Structures are given as C-alpha cells and as structure tokens.
*Asks:* 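Take this structure first; my questions come after.
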Amino acid sequence: MARQMKDSGVEWIGEIPEDTKLIQLRFIADITTGNMDTQNRENDGEYPFYVRSPKVERSNQYSFDDVEAILMAGDGVGAGRVFHYVQGKYACHQRVYRMNNFRYVQSSFLKYYLEGLFPMIMDQGSAKSTVDSVRLPMLQGFKVVVFNEAEQQKIIDFLDEKVGEIDSVIAKTKETIEDYKKYKQAIITDAVTKGIYDTVTLKATENVHIDKIPAHWDMKKLKYVFYIKKDIAGKEGYDILSITQKGIKIKDISINEGQLAESYSNYQLVDIGDFAMNHMDLLTGWVDVSKYSGVTSPDYRVFNFIDKSAYCKEYYLYLMQMCYMNKIFYGLGQGVSNLGRWRLQADKFLNFTIPMPPLCEQREIAEYLDEKCSEIDKLIAKKEELLADLESYKKSLIYECVTGKKKVE
C-alpha cells in the first residue's frame, strides 16, 4: 500500500508522510553554545575538545557532562556541516552549538536529520561575512519531520546499517588516496635526491635532510643558484596572486572572500617563471612556479635563478615542493608553530644546500616525474570521484529516509 504524503510547505523538505508532524528545533532540544576558545587546546589533554572542524582536539578542562548531546560547528568551513554525538565530559568551543534534553525525537534520528538537511540550509545562503556562519535563529527555527517512535527506530536501524556500510567504503577509499599520495611523495623524494638510475653509486652529503646523492652530483648552497627578488608594484591594477597547495592562482577579489588588503600597491611583483613561496607557514604553505604575471603579498618570498640557462626549473620545483612535503623546510623554521607562524628565515633558506645534477639529468628527472605523477594523479582523481559519489549517495539516502520519501520496512 502506497504511503500517503502531504506537502510540508517547506521547499527543501518537500513532501512528507501524512502521519508526521513538523516541529521547530527549539521545541525538540535545548540549544546553547560552548564557552572555550582555541587557546584552551592541549595536545595531551584529558578531555575531548570539540571545535569547528571534524578533527577533535583535547583540553585539560571540560565544559559539560552530558548524558547525550549533539554538537554542530557554528562557523568556519565546517559551519552547519560538522556534527558530533557526545556523551560524558567534554570541552566545547564557543562557536559550536550544543543540543541536548531531546523531546519528540531520539538523538540518533536527529543527528541523521541534521546531517542530511542542515547543509541544504547553508547552501541556500548563510549569514556570511568572511566565513560561513550559523545564527541561533536559523537553528531554533529549523523544522524537523517527527515520526512516531516505532517508525523512528526503523529509520535509525536502517541508516545505522546502510550508512555504516557506506562509511566503511569511504574510509577505505580515503586510505587508498592517502597511500597514492605517499607513493607519489616517495617517488619524488627518490628521484630528486638519488636520480632515476638504480645502478649509480651514492655518496654521503653533509646535509642531514638529504643524506645521499649520486657520486657524480654536487651539493651547493641555494644562494649560489637562486637570488631573492623584492620588486614592489607601486601602483594598483595587477592580478593578485595567491599561493595555495594547488599552486599559484589568480585571486578573485570581487567576491570579497578571504583576507583582503586595503591597497595592493605595496605588494611585490611576480613574473611568469618566478618561484614564489609562502615561507610564513611551513605547515600549510607551498611553493610554485608562477604561470602568471601579477603581485603577491610582500610577506611571501619570490626568487629565481641567477643563471636561468644553467638549471631546469621543473626539476628544482619538484625539489622545493619535496622540501615542503617532507617537512624539511619546517625543520629549518622558527616561530610559533601552534599559531601558524613557523617561518623559514632568509639566511636559513639561502644557506640550505641542494643537489646539483648535470643539466641533462635535471631534465630527465623532471620528465620522468611529470609522467609518473600524472599517472598517480589520474588514479587519485578516480578515487576522489568515487568518494564524491559515495558522499552524494549517503546524503541522498539519509534525506529520503528522514523525510519519509523512502519508507523503511
């Protein structure tokens, strides 16, 4: 017998079973926020510390001691998309919403419902300044489809099983992607430090980070290969270049996202073929060769070869990126790492010794890595497509079940 449906009156919910009710979240749970900040984080803290990302930190203090609660990130990249089910003692960031004392619905059902539907609210338009954010009235007025207790339990049991299966495949897919990335990193490391020929004799170096190189290679301080540029634009009108972990990109300042400067006239010029690196944050920073002319932050480092004809920029880009991936530059840095200010000072950078293969071999290594990395990147892309499909299917399944469009027998 077909289930009788009715219009919910809410566009993003659509039709719901005739025997269900729509109740605002404020009547279903008490809604509060945490009272701690990032500075309360302790790496080996006694209690879990829920912040605004999927990663759970630790703290030596706790905010709440709950029988059960649901937490949701209130701003940042995880706003309205990161949820946690918690019990016992835990710490909670001040921009994380806490829901407890549940009425009409079981906590497990509500968590599925929030995961399936609240991101749709965020996609429609959040209270946005520089980051996505969830305002309390958005959460209080959020409408929940309420089933009878027996129907809720059926939905919970069904989703526990099916979502568990999907999550297992997602986890394995993510592991495979990480394995591919590690394999790629190992290939790059071996090629730029030891070459691509297995028969060569290796010799020790005085660089603790690059301990051996082929016997016919040399080591040279970076300052004898590169020079640091610092040409200030002096006027507006240039493309603004951002250094991201996906390379140097032209920044769209018209959308008013991210950090914006009052004036770009004091930014430094970057020419096509220049190396540019974010040496201010050696954990999340990156280095790339620019495909564009423009300007970038005066705090970044722009550099190029002293003699461009003597070196292969593709080889040295692989080498520089290897130093980021393997945290070699991080080991040379100084500053306050927990605040993202771990910097590579100019003298440490310029006095760092790097391998010097013959020019013909630099080119061979670069061509070899281009081919190998392209193959691995294609494998990663396929796995990432699978991951996106699995996530999409999971969201669709949850949405259909918790709104009653799919009847769970």
Side-chain angles (χ1 to χ4, degrees), residues 3 5 8 10 12-17 20 22-23 25 28-29 48 50-56 66-74 77-88 90 96-100 102 104-124 134 139 142-178 382-409:
R3 169 175 272 182
M5 305 292 283
S8 68
V10 181
W12 44 270
I13 295 178
E15 289 192 332
I16 58 175
T20 60
L22 271 183
I23 300 179
L25 189 58
I28 286 175
Y50 295 92
V51 291
R52 296 163 292 174
S53 73
K55 182 182 178 182
V56 181
D66 282 327
V67 174
E68 59 176 358
I70 297 171
L71 308 179
M72 183 185 79
V77 293
R81 294 175 172 85
V82 172
F83 299 90
H84 299 282
Y85 174 81
V86 296
Q87 290 179 302
Y90 61 93
V96 169
Y97 287 104
R98 165 181 171 255
M99 291 158 268
N100 69 334
F102 304 106
Y104 306 113
V105 299
Q106 295 184 51
S107 58
S108 298
F109 176 86
L110 182 59
K111 185 171 182 288
Y112 278 128
Y113 191 91
L114 288 165
E115 287 175 335
L117 277 78
F118 205 87
M120 299 170 72
I121 298 291
M122 300 303 296
D123 291 339
Q124 284 184 352
V134 179
L139 201 53
F142 180 69
K143 292 183 178 179
V144 179
V145 181
V146 176
F147 297 80
N148 64 51
E149 190 172 339
E151 189 81 5
Q152 273 187 54
Q153 191 60 55
K154 286 182 183 179
I155 293 169
I156 292 167
D157 292 343
F158 176 80
L159 288 177
D160 281 349
E161 179 182 351
K162 295 300 180 184
V163 171
E165 292 171 358
I166 298 168
D167 283 344
S168 177
V169 179
I170 287 173
K172 289 176 182 175
T173 305
K174 286 180 176 178
E175 284 179 13
T176 303
I177 290 172
E178 288 306 308
K382 286 183 180 178
K383 289 296 180 182
E384 287 177 338
E385 284 178 16
L386 172 60
L387 203 56
D389 289 344
L390 288 167
E391 293 285 5
S392 178
Y393 173 62
K394 173 181 166 181
K395 289 177 183 176
S396 176
L397 181 65
I398 292 173
Y399 172 80
E400 289 186 352
C401 289
V402 299
T403 59
K405 293 172 182 58
K406 176 181 177 62
K407 183 172 174 59
V408 177
E409 299 296 345

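Here the structure is a predicted model, which is why all the values come from computation and not from measurement.
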*Asks:* Between T173 and K383, which heavy-atom pair has the shortest distance, and what is it?
*Replies:* CG2-O, 3.5 Å
*Asks:* With side chains defined as the heavy atoms from C-beta onward, is the minimum distance between F118 and L139 less than 4.5 Å?
*Replies:* yes
*Asks:* Test your reading of the model: is there a side-chain donor-acceptor pair from E15 to the backbone of G404, 3.5 Å cut-off?
*Replies:* no
*Asks:* Of all heavy-atom pairs between G78 and A73, which one has the smallest distance, and what is that distance?
*Replies:* O-CB, 3.3 Å
*Asks:* Tell me the closest heavy-atom pair linking W12 and M120, and the distance in Å.
*Replies:* O-CE, 3.4 Å
*Asks:* Do D157 and Q153 make a side-chain contact, defined as non-hydrogen atoms from C-beta onward lying under 4.5 Å apart?
*Replies:* yes
*Asks:* Rounded to the nearest 0.5 Å, what's the gap from CD1 on I156 to CD on E151? Could you check?
*Replies:* 11.0 Å
*Asks:* For residues M99 and L25, determine if any side-chain heavy atom of one lies less than 4.5 Å from a side-chain heavy atom of the other.
*Replies:* yes
*Asks:* Roughly how far, to the nearest 0.5 Å, is NZ of K172 from CG of L386?
*Replies:* 12.5 Å
*Asks:* Output, in order, the C-alpha distance, side-chain angles, deciding distance and verdict of side-chain contact (heavy atoms from CB on, under 4.5 Å) for F158 and C401.
*Replies:* CA-CA 9 Å; F158 176 80; C401 289; 3.7 Å; yes
*Asks:* Grab the two heavy atoms, one from E391 and one from K174, that are nearest each other, plus how far apart they are.
*Replies:* OE2-NZ, 4.5 Å
*Asks:* Side-chain contact test, heavy atoms from C-beta onward, threshold under 4.5 Å: evaluate it for L22 versus V145 and give yes or no.
*Replies:* yes
*Asks:* Nearest 0.5 Å, please: how far is CD1 in I28 from OG in S107?
*Replies:* 12.5 Å
*Asks:* State whether a side-chain donor-acceptor pair under 3.5 Å links K405 with T403.
*Replies:* yes
*Asks:* Quick check, are the ring centers of F142 and Y113 under 6.0 angstrom apart?
*Replies:* yes
*Asks:* Do K162 and E400 pass the salt bridge (Lys or Arg N to Asp or Glu O under 4.0 Å) test, and can you show the C-alpha distance, the side-chain angles, and the key distance before you say yes or no?
*Replies:* CA-CA 13 Å; K162 295 300 180 184; E400 289 186 352; over 6 Å; no
*Asks:* To the closest 0.5 Å, what do you measure between NZ (K111) and CZ (F83)?
*Replies:* 8.5 Å
*Asks:* Just verifying a value: how many Å separate D160 CG and E165 CD, rounded to the nearest 0.5 Å?
*Replies:* 11.0 Å
*Asks:* Evaluate the side-chain contact (heavy atoms from CB on, under 4.5 Å) criterion for residues Y90 and V56: first the C-alpha distance (whole Å), next the side-chain angles of each, then the deciding distance (0.1 Å), finally the verdict.
*Replies:* CA-CA 10 Å; Y90 61 93; V56 181; over 6 Å; no
*Asks:* Walk me through it: do N100 and E68 pass the test side-chain contact (heavy atoms from CB on, under 4.5 Å)?
*Replies:* CA-CA 7 Å; N100 69 334; E68 59 176 358; over 6 Å; no
*Asks:* How about CZ on F102, more than 12 heavy atoms from neighbouring residues, nucleotides or ligands closer than 6.0 Å, or not?
*Replies:* yes
*Asks:* Hey, could you give me the OH/CG distance between Y97 and L71, rounded to the nearest 0.5 Å?
*Replies:* 13.0 Å
*Asks:* State whether the side chain of Q152 and the backbone N or O of Q106 hold a donor-acceptor pair below 3.5 Å, judged by distance alone.
*Replies:* yes
*Asks:* Below 4.5 Å, heavy atoms only, C-beta onward: do I166 and V169 meet side chain to side chain?
*Replies:* no
*Asks:* If the plane angle is over 60° it's perpendicular, under 30° parallel, otherwise tilted; pick one for Y50 and H84.
*Replies:* tilted
*Asks:* Which heavy atom in V134 sits nearest to a heavy atom in M72, and how many Å separate them?
*Replies:* CG1-CE, 3.8 Å
*Asks:* For a 4.5 angstrom cut-off between non-hydrogen side-chain atoms, does L117 reach K143?
*Replies:* no
*Asks:* V163 vs Y112, test: side-chain contact (heavy atoms from CB on, under 4.5 Å). Steps then yes/no.
*Replies:* CA-CA 10 Å; V163 171; Y112 278 128; 4.1 Å; yes
*Asks:* So which atom in G14 and which in Y399 form the shortest heavy-atom distance, rounded to 0.1 Å?
*Replies:* N-OH, 4.4 Å
*Asks:* Do I23 and V105 make a side-chain contact, defined as non-hydrogen atoms from C-beta onward lying under 4.5 Å apart?
*Replies:* no
*Asks:* State, yes or no, whether a side-chain contact exists between K406 and L397 at a heavy-atom distance under 4.5 Å.
*Replies:* yes
